[in-house]
Chemist: 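I'd like to ask you about the structure that follows.
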Amino acid sequence: MPDRLALVTDSTAYLPQEAIDRHRIAVVPLSVAVGDEVLAEGVEISPKDVAEALRAKRRVTTSRPSPETFAAAYRAAAEAGASGVVSVHISGELSGTYEAARLAAGEAGIPVRVVDSRLVGMALGHTVLAAARALEAGLGLDETVAAATARAATTSSFFYVDTLEYLRRGGRIGAARALLGSALAVKPLLHLSGGRIEPLEKVRTASRAIARLEELAVEQAGTAEVDIAVHHLAAEERAEPLAERLRERVPGLRNLYVGEVGAVIGAHVGPGLLAVVVSPR
(Lines give C-alpha, C1' and ligand atoms only; values in the text may rest on other atoms or scores of the structure.)
Protein backbone atom coordinates (compact mmCIF):
# COMPACT_ATOMS: atom_id res chain seq x y z
CA MET A 1 0.00 0.00 0.00
CA PRO A 2 1.40 3.43 -0.87
CA ASP A 3 2.53 5.34 2.21
CA ARG A 4 0.39 8.34 1.29
CA LEU A 5 -2.91 6.59 2.09
CA ALA A 6 -3.97 4.42 5.03
CA LEU A 7 -6.79 1.96 5.64
CA VAL A 8 -8.74 1.61 8.89
CA THR A 9 -11.55 -0.75 9.85
CA ASP A 10 -13.05 -2.10 13.07
CA SER A 11 -12.84 -5.43 14.83
CA THR A 12 -16.19 -6.73 13.49
CA ALA A 13 -14.65 -7.32 10.05
CA TYR A 14 -13.10 -10.53 11.49
CA LEU A 15 -10.33 -10.47 8.92
CA PRO A 16 -7.64 -13.14 9.16
CA GLN A 17 -4.53 -11.73 10.85
CA GLU A 18 -2.48 -12.58 7.78
CA ALA A 19 -4.65 -10.27 5.66
CA ILE A 20 -4.43 -7.48 8.25
CA ASP A 21 -0.65 -7.73 8.28
CA ARG A 22 -0.22 -8.05 4.53
CA HIS A 23 -2.38 -5.02 3.70
CA ARG A 24 -1.30 -2.99 6.75
CA ILE A 25 -4.87 -2.45 7.94
CA ALA A 26 -5.41 -0.63 11.24
CA VAL A 27 -8.17 -2.32 13.27
CA VAL A 28 -10.05 -0.34 15.93
CA PRO A 29 -11.65 -2.69 18.49
CA LEU A 30 -15.21 -2.52 19.75
CA SER A 31 -15.80 -3.41 23.39
CA VAL A 32 -17.61 -6.23 25.14
CA ALA A 33 -18.76 -5.95 28.75
CA VAL A 34 -19.19 -9.18 30.69
CA GLY A 35 -20.79 -8.15 33.94
CA ASP A 36 -18.85 -5.07 35.01
CA GLU A 37 -15.67 -5.94 33.12
CA VAL A 38 -15.16 -4.09 29.81
CA LEU A 39 -12.86 -5.84 27.34
CA ALA A 40 -11.53 -5.03 23.86
CA GLU A 41 -12.69 -7.40 21.15
CA GLY A 42 -9.92 -9.47 19.64
CA VAL A 43 -7.47 -8.29 22.28
CA GLU A 44 -8.87 -9.12 25.71
CA ILE A 45 -11.86 -11.39 24.98
CA SER A 46 -12.29 -14.33 22.59
CA PRO A 47 -15.34 -15.92 20.94
CA LYS A 48 -15.00 -18.84 23.36
CA ASP A 49 -15.11 -16.45 26.32
CA VAL A 50 -18.33 -14.81 25.17
CA ALA A 51 -19.98 -18.14 24.30
CA GLU A 52 -19.23 -19.43 27.80
CA ALA A 53 -20.55 -16.23 29.38
CA LEU A 54 -23.81 -16.46 27.41
CA ARG A 55 -24.30 -20.12 28.31
CA ALA A 56 -23.77 -19.18 31.95
CA LYS A 57 -26.46 -16.48 31.52
CA ARG A 58 -24.05 -13.72 32.47
CA ARG A 59 -24.89 -10.19 31.33
CA VAL A 60 -23.05 -9.45 28.09
CA THR A 61 -23.28 -6.09 26.30
CA THR A 62 -21.29 -4.37 23.57
CA SER A 63 -20.26 -0.81 22.81
CA ARG A 64 -18.73 1.17 19.97
CA PRO A 65 -15.25 2.67 20.03
CA SER A 66 -15.18 6.30 21.15
CA PRO A 67 -14.56 9.08 18.62
CA GLU A 68 -11.31 9.70 20.52
CA THR A 69 -10.17 6.16 19.73
CA PHE A 70 -10.74 6.75 16.03
CA ALA A 71 -9.05 10.15 16.26
CA ALA A 72 -5.99 8.41 17.69
CA ALA A 73 -6.00 5.92 14.79
CA TYR A 74 -6.21 8.70 12.22
CA ARG A 75 -3.51 10.67 14.02
CA ALA A 76 -1.24 7.61 14.00
CA ALA A 77 -1.79 7.24 10.25
CA ALA A 78 -0.84 10.87 9.68
CA GLU A 79 2.24 10.56 11.87
CA ALA A 80 3.29 7.51 9.84
CA GLY A 81 3.22 9.62 6.68
CA ALA A 82 -0.30 9.07 5.32
CA SER A 83 -1.89 12.00 3.53
CA GLY A 84 -5.38 10.49 3.76
CA VAL A 85 -7.38 7.64 5.28
CA VAL A 86 -10.17 5.34 4.08
CA SER A 87 -12.10 4.06 7.11
CA VAL A 88 -14.58 1.21 6.44
CA HIS A 89 -16.99 0.01 9.13
CA ILE A 90 -19.84 -2.14 10.39
CA SER A 91 -23.36 -1.14 9.37
CA GLY A 92 -24.54 2.04 11.01
CA GLU A 93 -27.89 0.29 11.51
CA LEU A 94 -26.24 -2.20 13.87
CA SER A 95 -23.69 -0.08 15.71
CA GLY A 96 -22.69 3.49 16.46
CA THR A 97 -19.18 2.71 15.22
CA TYR A 98 -19.65 4.45 11.87
CA GLU A 99 -20.95 7.58 13.57
CA ALA A 100 -18.00 7.63 15.99
CA ALA A 101 -15.59 7.32 13.06
CA ARG A 102 -17.40 10.09 11.18
CA LEU A 103 -17.19 12.42 14.17
CA ALA A 104 -13.46 11.76 14.49
CA ALA A 105 -12.91 12.28 10.76
CA GLY A 106 -14.18 15.83 11.05
CA GLU A 107 -11.37 16.63 13.48
CA ALA A 108 -8.57 14.78 11.70
CA GLY A 109 -5.71 16.80 10.30
CA ILE A 110 -5.79 14.84 7.02
CA PRO A 111 -8.69 13.88 4.72
CA VAL A 112 -10.63 10.86 6.02
CA ARG A 113 -13.35 9.10 4.01
CA VAL A 114 -15.62 7.04 6.28
CA VAL A 115 -17.62 4.25 4.65
CA ASP A 116 -20.74 2.65 6.14
CA SER A 117 -20.48 -0.82 4.60
CA ARG A 118 -24.00 -1.73 5.82
CA LEU A 119 -22.44 -5.12 6.52
CA VAL A 120 -20.67 -7.05 9.27
CA GLY A 121 -18.29 -9.99 9.60
CA MET A 122 -16.39 -11.08 6.51
CA ALA A 123 -18.99 -9.28 4.39
CA LEU A 124 -17.39 -6.16 5.84
CA GLY A 125 -14.03 -7.90 5.60
CA HIS A 126 -14.32 -8.39 1.83
CA THR A 127 -15.29 -4.74 1.49
CA VAL A 128 -12.17 -3.73 3.40
CA LEU A 129 -10.03 -5.98 1.21
CA ALA A 130 -11.51 -4.38 -1.91
CA ALA A 131 -10.40 -1.02 -0.52
CA ALA A 132 -6.95 -2.43 0.23
CA ARG A 133 -6.52 -3.67 -3.34
CA ALA A 134 -7.65 -0.29 -4.69
CA LEU A 135 -5.10 1.53 -2.56
CA GLU A 136 -2.38 -0.89 -3.60
CA ALA A 137 -3.28 -0.20 -7.23
CA GLY A 138 -2.57 3.48 -6.60
CA LEU A 139 -6.16 4.72 -6.59
CA GLY A 140 -7.07 7.85 -4.65
CA LEU A 141 -9.45 8.31 -1.75
CA ASP A 142 -12.65 8.73 -3.75
CA GLU A 143 -11.86 5.90 -6.15
CA THR A 144 -11.05 3.61 -3.24
CA VAL A 145 -14.33 4.48 -1.55
CA ALA A 146 -16.12 3.68 -4.82
CA ALA A 147 -14.38 0.30 -5.04
CA ALA A 148 -15.31 -0.57 -1.46
CA THR A 149 -18.91 0.58 -1.91
CA ALA A 150 -19.28 -1.44 -5.11
CA ARG A 151 -18.02 -4.61 -3.40
CA ALA A 152 -20.32 -4.05 -0.42
CA ALA A 153 -23.35 -3.61 -2.68
CA THR A 154 -22.93 -7.06 -4.24
CA THR A 155 -22.06 -8.97 -1.06
CA SER A 156 -24.72 -11.07 0.67
CA SER A 157 -24.95 -12.51 4.18
CA PHE A 158 -27.27 -15.32 5.25
CA PHE A 159 -27.32 -16.80 8.72
CA TYR A 160 -28.94 -19.27 11.01
CA VAL A 161 -29.27 -18.91 14.78
CA ASP A 162 -30.43 -21.50 17.28
CA THR A 163 -32.57 -18.87 19.00
CA LEU A 164 -33.56 -15.26 18.45
CA GLU A 165 -33.30 -14.55 22.17
CA TYR A 166 -29.83 -13.01 22.03
CA LEU A 167 -30.75 -10.77 19.11
CA ARG A 168 -33.90 -9.73 20.94
CA ARG A 169 -31.94 -8.82 24.07
CA GLY A 170 -29.57 -6.63 22.10
CA GLY A 171 -32.28 -4.93 20.06
CA ARG A 172 -30.59 -5.93 16.80
CA ILE A 173 -33.36 -7.82 15.01
CA GLY A 174 -35.46 -5.04 13.46
CA ALA A 175 -38.41 -6.55 11.61
CA ALA A 176 -37.34 -10.00 12.78
CA ARG A 177 -39.32 -9.25 15.95
CA ALA A 178 -42.25 -10.64 14.00
CA LEU A 179 -40.71 -14.09 14.37
CA LEU A 180 -40.46 -13.99 18.13
CA GLY A 181 -43.93 -15.33 18.80
CA SER A 182 -43.08 -18.58 17.05
CA ALA A 183 -39.35 -18.66 17.72
CA LEU A 184 -39.61 -21.82 19.79
CA ALA A 185 -41.37 -23.67 16.96
CA VAL A 186 -39.06 -22.69 14.10
CA LYS A 187 -35.41 -22.32 13.24
CA PRO A 188 -35.03 -18.85 11.76
CA LEU A 189 -32.96 -17.95 8.72
CA LEU A 190 -32.01 -14.29 8.58
CA HIS A 191 -30.09 -12.00 6.26
CA LEU A 192 -28.69 -8.51 6.09
CA SER A 193 -30.91 -6.15 4.13
CA GLY A 194 -30.40 -2.41 4.01
CA GLY A 195 -27.82 -2.77 6.75
CA ARG A 196 -30.33 -4.37 9.11
CA ILE A 197 -30.90 -7.93 10.28
CA GLU A 198 -34.17 -9.10 8.73
CA PRO A 199 -36.10 -12.39 8.68
CA LEU A 200 -35.75 -14.42 5.53
CA GLU A 201 -37.38 -17.81 6.05
CA LYS A 202 -38.74 -20.08 8.77
CA VAL A 203 -37.54 -23.68 8.81
CA ARG A 204 -38.76 -26.38 11.15
CA THR A 205 -35.50 -28.10 12.12
CA ALA A 206 -31.85 -27.16 12.47
CA SER A 207 -30.77 -29.66 9.82
CA ARG A 208 -33.24 -28.26 7.31
CA ALA A 209 -32.18 -24.73 8.16
CA ILE A 210 -28.52 -25.54 7.52
CA ALA A 211 -29.40 -27.30 4.25
CA ARG A 212 -31.38 -24.24 3.18
CA LEU A 213 -28.47 -21.98 4.15
CA GLU A 214 -26.28 -24.01 1.81
CA GLU A 215 -28.81 -23.71 -1.03
CA LEU A 216 -29.10 -19.95 -0.58
CA ALA A 217 -25.32 -19.60 -0.82
CA VAL A 218 -25.08 -21.75 -3.93
CA GLU A 219 -27.93 -19.86 -5.59
CA GLN A 220 -26.40 -16.50 -4.74
CA ALA A 221 -22.96 -17.52 -6.00
CA GLY A 222 -24.18 -18.86 -9.32
CA THR A 223 -21.31 -19.33 -11.75
CA ALA A 224 -19.57 -16.01 -11.05
CA GLU A 225 -16.15 -15.74 -9.42
CA VAL A 226 -16.85 -15.33 -5.71
CA ASP A 227 -15.21 -15.32 -2.31
CA ILE A 228 -17.11 -17.13 0.43
CA ALA A 229 -16.82 -17.03 4.20
CA VAL A 230 -18.45 -19.45 6.62
CA HIS A 231 -18.82 -18.01 10.11
CA HIS A 232 -19.88 -19.76 13.30
CA LEU A 233 -19.89 -19.38 17.05
CA ALA A 234 -19.01 -22.51 19.01
CA ALA A 235 -20.29 -24.60 16.08
CA GLU A 236 -17.20 -25.76 14.19
CA GLU A 237 -18.80 -29.17 13.73
CA ARG A 238 -21.45 -27.49 11.56
CA ALA A 239 -19.21 -24.96 9.83
CA GLU A 240 -16.48 -27.23 8.46
CA PRO A 241 -18.79 -29.69 6.65
CA LEU A 242 -20.82 -26.80 5.22
CA ALA A 243 -17.64 -25.18 3.91
CA GLU A 244 -16.55 -28.41 2.26
CA ARG A 245 -19.91 -28.82 0.55
CA LEU A 246 -19.73 -25.25 -0.75
CA ARG A 247 -16.20 -25.92 -2.01
CA GLU A 248 -17.59 -28.76 -4.09
CA ARG A 249 -20.73 -27.00 -5.30
CA VAL A 250 -19.63 -23.44 -6.18
CA PRO A 251 -17.78 -23.53 -9.52
CA GLY A 252 -16.46 -19.96 -9.36
CA LEU A 253 -15.13 -20.15 -5.80
CA ARG A 254 -11.84 -18.29 -5.41
CA ASN A 255 -11.26 -17.97 -1.67
CA LEU A 256 -13.00 -19.80 1.16
CA TYR A 257 -12.60 -18.61 4.73
CA VAL A 258 -13.93 -20.48 7.76
CA GLY A 259 -13.81 -18.91 11.20
CA GLU A 260 -15.63 -17.90 14.33
CA VAL A 261 -17.27 -14.54 14.65
CA GLY A 262 -15.72 -12.41 17.34
CA ALA A 263 -17.04 -11.53 20.74
CA VAL A 264 -19.13 -8.52 19.67
CA ILE A 265 -21.28 -10.31 17.12
CA GLY A 266 -21.19 -13.46 19.21
CA ALA A 267 -22.80 -11.55 22.06
CA HIS A 268 -25.79 -10.77 19.85
CA VAL A 269 -26.30 -14.10 18.08
CA GLY A 270 -25.34 -16.66 20.71
CA PRO A 271 -23.69 -20.09 20.43
CA GLY A 272 -24.77 -22.14 17.43
CA LEU A 273 -24.62 -19.36 14.86
CA LEU A 274 -23.88 -20.48 11.32
CA ALA A 275 -23.49 -17.85 8.59
CA VAL A 276 -22.44 -17.71 4.97
CA VAL A 277 -21.09 -14.62 3.21
CA VAL A 278 -21.05 -14.60 -0.61
CA SER A 279 -18.99 -11.82 -2.18
CA PRO A 280 -18.69 -11.65 -5.98
CA ARG A 281 -15.31 -10.52 -7.31
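This one's a predicted model, so the numbers in the text were calculated from it and none came from an experiment.
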Chemist: Should Ser83 and Ile110 count as side-chain neighbours, where that means a heavy-atom distance under 4.5 Å?
Modeler: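 No, too far: nothing below the 4.5 Å cut-off.
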Chemist: Looking at Glu236, I want to see if its CD is surrounded by more than 12 non-hydrogen atoms of other residues, nucleotides or ligands under 6.0 Å.
Modeler: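 Atom CD in Glu236 is not crowded, with 12 or fewer foreign heavy atoms closer than 6.0 Å.
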Chemist: Looking only at non-hydrogen atoms, find the nearest pair between Glu93 and Gly195 and report the distance.
Modeler: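 For Glu93 and Gly195, the tightest heavy-atom pair comes out as CB-O, 3.2 Å.
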Chemist: Ala263 and Ser46: which non-hydrogen atoms are nearest, and at how many Å?
Modeler: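 So the two residues come closest at CB-O, 4.1 Å.
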Chemist: Do the side chains of Glu99 and Arg64 get close enough for a salt bridge, i.e. N-O under 4.0 angstrom?
Modeler: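 So Glu99 does not pair with Arg64 through a salt bridge.
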Chemist: Test side-chain contact (heavy atoms from CB on, under 4.5 Å) on Val278 and Thr155 and set out the steps.
Modeler: CA-CA 6 Å; Val278 180; Thr155 297; over 6 Å; no
Chemist: Check whether any side-chain heavy atom of Lys202 sits under 4.5 Å from a side-chain heavy atom of Lys187, and report yes or no.
Modeler: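 No, their side chains stay 4.5 Å or more apart.
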Chemist: Rounded at 0.5 Å granularity, tell me how far CZ in Phe159 sits from NE2 in His191.
Modeler: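 If we round to the nearest 0.5 Å, Phe159:CZ and His191:NE2 are 9.0 Å apart.
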Chemist: Check the hydrophobic clustering (I, L, V, M, F, W, Y; side-chain heavy atoms under 4.5 Å; chains of links allowed) and say if Ile25 and Leu119 are grouped together.
Modeler: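 In one cluster: yes.
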Chemist: Answer with yes or no whether the side chains of His23 and Glu136 bring together a donor and an acceptor at under 3.5 Å.
Modeler: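 A pair is found: one side chain offers a donor N or O, the other an acceptor, under 3.5 Å apart.
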Chemist: Which heavy atom of Ala51 sits nearest to which heavy atom of Ala234, and what is that distance?
Modeler: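 Heavy-atom minimum between the residues: CB-CB, 4.3 Å.
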Chemist: Does either side chain, that of Glu198 or that of Ser193, offer a donor lying less than 3.5 Å from an acceptor on the other one?
Modeler: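 No - no donor-acceptor pair under 3.5 Å links their side chains.
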Chemist: Tell me whether Ile90 shares a hydrophobic cluster with Val8, the cluster being built from Ile, Leu, Val, Met, Phe, Trp, Tyr side chains joined at under 4.5 Å.
Modeler: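 Different clusters.
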Chemist: Could you go through the side-chain contact (heavy atoms from CB on, under 4.5 Å) check for Met122 and His231 one step at a time?
Modeler: CA-CA 8 Å; Met122 272 300 292; His231 280 310; 3.5 Å; yes
Chemist: Can you name the closest pair of heavy atoms from Val85 and Ala77 and give their distance?
Modeler: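 Smallest interatomic distance, heavy atoms only, reads CG2-CB, 3.9 Å.
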Chemist: Hey, is Arg238 close enough to Asp162 for a salt bridge, meaning N to O under 4.0 Å?
Modeler: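 Here Arg238 pairs with Asp162 in a salt bridge, since their nearest N and O are under 4.0 Å apart.
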Chemist: Is the shortest side-chain N to carboxylate O distance from Arg212 to Glu219 below 4.0 Å?
Modeler: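 Result for this pair is yes, salt bridge flagged.
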Chemist: Counting only N and O atoms by type, is there a donor-acceptor contact under 3.5 Å from the side chain of Thr127 to the main-chain atoms of Ala123?
Modeler: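 Pair found, side chain donor or acceptor close to backbone of Ala123.
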Chemist: Does any non-hydrogen side-chain atom of Val28 lie less than 4.5 Å from one of Pro65?
Modeler: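 When only atoms from C-beta onward are counted, Val28 and Pro65 do touch, with a gap below 4.5 Å.
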Chemist: Hey, are the side chains of Asp10 and Leu124 touching, using non-hydrogen atoms and a 4.5 Å cut-off?
Modeler: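 With C-beta onward as the side chain, the pair touches.
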Chemist: Counting distance only, does the side-chain N/O of Glu52 pair as donor-acceptor with the main-chain N or O of Asp49 below 3.5 Å?
Modeler: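 Looks like no, no N/O pair under 3.5 Å.
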Chemist: Less than 4.5 Å apart, side chain to side chain, heavy atoms only: is that true for Asp227 and Arg281?
Modeler: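 Yes, their side chains come closer than 4.5 Å.
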Chemist: Got a second to check how far Arg4's CZ is from Leu141's CG, nearest 0.5 Å?
Modeler: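 Output value for this atom pair is 7.5 Å.
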Chemist: Kindly indicate, with the supporting measurements, whether the criterion side-chain contact (heavy atoms from CB on, under 4.5 Å) is fulfilled by Arg133 and Leu129.
Modeler: CA-CA 6 Å; Arg133 286 189 286 269; Leu129 292 176; 3.9 Å; yes
Chemist: Under a 4.5 Å side-chain heavy-atom rule over Ile, Leu, Val, Met, Phe, Trp and Tyr, are Val115 and Leu103 clustered together?
Modeler: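 No, because Val115 and Leu103 fall into different hydrophobic clusters, even though each may have its own neighbours under 4.5 Å.
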Chemist: Working to the nearest 0.5 Å, report the span between CZ of Arg208 and CD of Glu201.
Modeler: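 Answer rounded to 0.5 Å: 13.0 Å.
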Chemist: State, yes or no, whether a side-chain contact exists between Leu246 and Leu242 at a heavy-atom distance under 4.5 Å.
Modeler: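 With C-beta onward as the side chain, the pair touches.
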Chemist: For His89 together with Phe70, are the ring centres under 6.0 Å from each other?
Modeler: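 Ring centres of His89 and Phe70 closer than 6.0 Å.
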Chemist: Considering all heavy atoms of both residues, which atom of Gly270 and which atom of Leu54 are nearest to each other, and what is their separation?
Modeler: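 Between these two residues, the closest heavy atoms are CA-CD1, 3.9 Å.
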Chemist: Assess the side chains of Tyr14 and Glu41: does a donor N or O sit below 3.5 Å from an acceptor N or O?
Modeler: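 Present: a donor and an acceptor within the cut-off.
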Chemist: What are the two closest heavy atoms between Leu256 and Leu253, and how far apart are they?
Modeler: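 Heavy atoms of Leu256 and Leu253 come nearest at CB-CD2, 4.0 Å.
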Chemist: First locate atom CD1 of Ile20, then atom OG1 of Thr9, and finally report the distance between them rounded to the nearest 0.5 Å.
Modeler: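 Rounded to the nearest 0.5 Å, the CD1-OG1 separation comes to 8.5 Å.
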Chemist: To the nearest 0.5 Å, what is the distance between CG (Leu274) and CG (Leu233)?
Modeler: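 Going from CG on Leu274 over to CG on Leu233, the span is 11.0 Å.
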Chemist: Can you find a heavy atom in the side chain of Val261 that is under 4.5 Å from one in the side chain of His232?
Modeler: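 In short, these two side chains do not touch, never coming nearer than 4.5 Å.
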Chemist: Could you see if Val277 belongs to whatever hydrophobic cluster contains Tyr160? Use Ile, Leu, Val, Met, Phe, Trp, Tyr and a side-chain cutoff under 4.5 Å.
Modeler: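 Each belongs to a different hydrophobic cluster.
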Chemist: Show, in sequence, the C-alpha distance, side-chain angles and deciding distance for Arg249 and Glu244, and conclude whether the salt bridge (Lys or Arg N to Asp or Glu O under 4.0 Å) test is met.
Modeler: CA-CA 9 Å; Arg249 297 188 62 190; Glu244 286 307 309; over 6 Å; no
Chemist: One thing to verify: whether Arg102 and Asp116 come together as a salt bridge, which I'm taking to mean a side-chain N less than 4.0 angstrom from a carboxylate O.
Modeler: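 No salt bridge links Asp116 with Arg102.
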Chemist: Thr61 and Arg59: side-chain contact (heavy atoms from CB on, under 4.5 Å), yes or no, with the steps?
Modeler: CA-CA 7 Å; Thr61 59; Arg59 182 172 60 88; 4.3 Å; yes
Chemist: Could you tell me whether the side chains of Ser279 and Arg151 share a donor-acceptor contact shorter than 3.5 Å?
Modeler: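 A pair is found: one side chain offers a donor N or O, the other an acceptor, under 3.5 Å apart.
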Chemist: Any side-chain heavy atom of Val50 within less than 4.5 Å of one from Val60?
Modeler: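 Yes. Closest side-chain heavy atoms under 4.5 Å.
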Chemist: If the threshold is 4.0 Å, N to carboxylate O, is there a salt bridge linking Glu240 and Arg245?
Modeler: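 No, Glu240 and Arg245 are not salt-bridged.
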Chemist: Please determine whether the number of non-hydrogen atoms from other residues, nucleotides or ligands lying under 6.0 Å from atom CD of Glu107 exceeds 12.
Modeler: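 12 or below, so no.
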Chemist: From Leu189 CG over to Leu216 CG, what is the distance, rounded to the nearest 0.5 angstrom?
Modeler: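 Spacing of CG (Leu189) from CG (Leu216) equals 6.5 Å.
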Chemist: Do the side-chain N and O atoms of Ser87 and Tyr98 include a donor-acceptor pair separated by under 3.5 angstrom?
Modeler: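 The answer is no; no qualifying pair exists.
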Chemist: Using atom types as modelled and distance alone, determine if a side-chain donor or acceptor of Thr62 lies under 3.5 Å from a backbone N or O of Val32.
Modeler: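 Checking the backbone N and O of Val32 against the side chain of Thr62, no donor-acceptor pair under 3.5 Å is found.
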Chemist: Between Leu7 and Leu5, is there a shared hydrophobic cluster once you connect ILVMFWY residues whose side-chain heavy atoms come closer than 4.5 Å?
Modeler: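 Leu7 and Leu5: one cluster.
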